> 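Pasting a structure below so you can have a look.
All values below were derived from every heavy atom in this structure, side-chain atoms included, with hydrogens, water molecules and symmetry-related copies excluded. Nothing here was measured: the structure is a model prediction, and the numbers come from that model. Start at 1 with the first residue, then count along the sequence.
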Amino acid sequence: MADPLVTADDAAGATPAAAPTDVHETPARPARHRVRRVVLVLLVVLGVLALALGWVGYRAWQTAQALREAQDLVGAVQDDVRAGDMQSLADAVPAIQELTRSAHGSSGDPVWRAAEVLPVLGDQLRAVRVVSASLDDVAVDVLPAVASLGSALDGREADAERGRLVLAQLVEVAPDLVQAATTARGAADDVAALDTGALLGPLVDPVTRARDALEEAATALEGGAGIASLLPAMLGSDEPRTYLLLSLNSAELRSGGGIVGAVVVLEAQDGQMELVGQVSTAELPGLEAPVLPLSEAELAIDTDRLGRWVQDATMTPDFPRTAQLVAARWEQQTGGSADGVIAADPVAVSYLLGATGPIGTPDGSTLDQSTVVAALLHDSYLRHADAAEADRYYAGVASAIFGAVAAGRGDVGALGQALVRSGEEGRLRMWSAHPDEQAQILETDFAGAFLAEQSADEVGVFLNDGTPGKLDYFLQAQVTVEDLVCEGPEPTARVRLTLAYDPPDDIATYPDYVIGRHLDGRPDGWVDTNVTVYAPVGAALGALGWGSAYVSGTTATIEGRAVQVVRSSLDPGQSESYSFTVPVRDGRVVVRTTPTTTTPGLVVASCTP
């Protein structure tokens, strides 16, 4: 039976109104057009991206090429500067700046910055841009200031006969050095903020080296800028200044390096520094009472000798306190005031002679870097049977050293390195009687302010001769950090002091003022040493390990530090060791100690390489 909905016309084969397949034909065309447009757009974007990446790649090649050339040029200049040719740096600055400017420009255009949004690749591009910009900042602001500083030092005028040192040019470049330090710190911080963990292998090492180098440069410049900002006033631009230069004698140890062996008087005015006198400590006799009031802790630790004898003002490890006592003694003796105090030991003097070359001494001999320590601390005592004669010789050598520096002898680079090394090793110290200047000095390696807040986490191990004599030239003192524990709630380490005394076989024939007291039952030439140990602020300090046993002595607390003093007593050929436990703070242990002829005054142990 036929479907009732089908008409006769349908049955006769009439064409239907529309075939099912034609119903959607009209909307299909725009859809295909949209797909084609999207494909075309994607192709254009990919083409642009390819061009952009090609451009970025080309710019990256330009950047890398410029930085490599700058690195080669800087390397060559470094060799020249080490050889004392500071003019080489000044001559190279324009070329270095052109290369860093090129690297900065090629890594900082809009296409490069836009590509920094890409995953993975963006981190690499950002790192290259930041490093390039930081290096360019250093080249533009820092290198010219350093070159000017070198030229100023190279061009310092001097009058060797009068012992005058003219530093006016150095004063002129001081503001530029301060600005250079600010720029260097900003550059170092920018590179330090980069996440090296997001960098691909080839970039990790260059970025890390750039970060470390910039941090080192910023730290060095900040220290130098702090001092440079003080130079005009310190060198008498406003009014004349008087400074006392203390020559420390390490043959008779004190916490600060040695007894005060001689005092050289310097005057500064209008950028000129001149030697105006020298005084043997024999001319500054002991007092019946301390020149300044001493605290109960100072009396317990160092006795009243700290304030009664100028030679013993270095018994405290805190150089600002030493300087205050010496300045007060000077004022009492002469009626004049001291604007500052500087102290240097014989090893620091040897570093300076490495820069200036040999000097002539008052007795007609010649001293150089390799002979000056032995000449001052040993040979002079065999030549001068009288202690006063030895003191005069010591003072004369100190004056001759200043004269050599004042005469502009030696290369500036080596002189600067000698001063920096001396400060780092605790062999060269500075103090100013002017509070604003002293605040700046406290931020440098030259402060020696062991009892200041900045040193609160540091440990102290200091030596004071108890013989008394001049035998510490033969005493070997070694401070080490052992059993460093970095994990756990209370990480600790053990600090050990080893003393070994090995004088020559004929030590008993040395002058009495050299070998010290004669005691029944002790061979002539024995040596006693007061060992003073300071814990960090707030840390406990128990009995000291002494070989396989324990020992304790005088105890006190000063500026929040637990202190203990024990006496070491050694006959020729003997040795012994002391040890104690300290906390590990911020992942390291910093030990300040007495600098000797063979060891510096700083030992650091760290939980990280």
Side-chain angles (χ1 to χ4, degrees), residues 247-254 257-262 280-282 311-312 314 345-350 353 358-398 400 427 463-478 497-531 547 567-578 594-599:
S247 295
L248 305 185
N249 187 333
S250 305
E252 188 172 350
L253 287 175
R254 293 292 183 267
I259 63 168
V260 178
S280 166
T281 52
Q311 296 96 321
D312 290 330
T314 47
D345 75 358
V347 176
V349 169
S350 75
L353 286 184
I359 61 164
T361 67
D363 64 0
S365 61
T366 299
L367 297 179
D368 60 23
Q369 183 176 14
S370 65
T371 61
V372 65
V373 173
L376 290 175
L377 304 184
H378 178 262
D379 301 347
S380 64
Y381 299 135
L382 300 183
R383 288 198 301 269
H384 304 289
D386 180 67
E389 291 181 6
D391 286 345
R392 284 192 289 272
Y393 173 78
Y394 208 90
V397 171
R427 304 184 185 281
L463 309 176
N464 285 283
D465 177 72
T467 307
K470 301 292 187 291
L471 298 176
D472 287 329
Y473 178 73
F474 307 109
L475 181 69
Q476 301 293 315
Q478 186 71 41
L497 166 68
T498 302
L499 297 174
Y501 178 50
D502 188 23
D505 293 338
D506 63 347
I507 190 64
T509 67
Y510 280 40
D512 284 349
Y513 77 90
V514 176
I515 62 176
R517 293 191 297 265
H518 300 266
L519 290 180
D520 292 338
R522 299 289 301 273
D524 285 346
W526 55 273
V527 64
D528 275 6
T529 305
N530 291 314
V531 177
R567 172 162 290 204
S568 165
S569 188
L570 298 175
D571 289 340
Q574 289 186 330
S575 64
E576 61 184 6
S577 69
Y578 299 84
T594 299
T596 70
T597 57
T598 56
T599 55

> Quick one: salt bridge (charged side-chain N to carboxylate O under 4.0 Å, His left out) pairs with a partner in residues 500-510, sequence neighbours left out?
none

> Any side-chain heavy atom of R254 sitting closer than 4.5 Å to one from V260?
no

> Partners of H378 by ring-ring contact (aromatic ring centres under 6.0 Å, His included), sequence neighbours excluded?
Y473, F474, Y510

> Any salt bridge (charged side-chain N to carboxylate O under 4.0 Å, His left out) involving residues 368-385? Give me the pairs, sequence neighbours left out, ordered by first then second residue.
D363-R383

> Where is the tightest heavy-atom contact between G466 and R517, given as atom of each residue plus distance?
O-NH2, 3.3 Å

> Going through the distances and angles, do I507 and D524 end up as a side-chain contact (heavy atoms from CB on, under 4.5 Å)?
CA-CA 7 Å; I507 190 64; D524 285 346; over 6 Å; no

> To the closest 0.5 Å, what do you measure between OH (Y513) and OH (Y381)?
6.5 Å

> Could you pull out the closest heavy-atom pair between A251 and L377, with the gap in Å?
N-CD2, 3.8 Å

> How close do P503 and P572 get, heavy atom to heavy atom, and via which atoms?
CG-CB, 3.7 Å

> Salt bridge (Lys or Arg N to Asp or Glu O under 4.0 Å) with R567: which residues, sequence neighbours excluded?
D528

> If every non-hydrogen atom of P346 is compared with every non-hydrogen atom of V372, which pair is closest and at what distance?
O-CG1, 4.4 Å

> What residue pairs, at least two apart or across chains, pass salt bridge (charged side-chain N to carboxylate O under 4.0 Å, His left out) with a residue in residues 463-472?
E252-K470

> Look at the side chain of W526 and the backbone N and O of G516, then say whether any donor-acceptor pair between them is shorter than 3.5 Å.
no

> Please round to the nearest 0.5 Å and tell me the distance separating atom OG of S568 and atom CD of Q574.
9.0 Å

> Any sub-3.5 Å donor-acceptor pair from S380's side-chain atoms to L376's backbone N or O?
yes

> Counting only N and O atoms by type, is there a donor-acceptor contact under 3.5 Å from the side chain of T467 to the main-chain atoms of G469?
no

> Do you know the tightest heavy-atom contact between S250 and T597?
CB-CG2, 4.2 Å

> Looking at CD of Q476 and OG1 of T498, how far apart are the two atoms once the value is rounded to the nearest 0.5 Å?
11.5 Å

> What residues, two or more places apart in sequence or in another chain, satisfy side chain to side chain contact (heavy atoms under 4.5 Å, CB included) together with A477?
L463, L497, L499, T596

> What's the shortest heavy-atom distance between T314 and I259, and which atoms?
OG1-CA, 4.0 Å

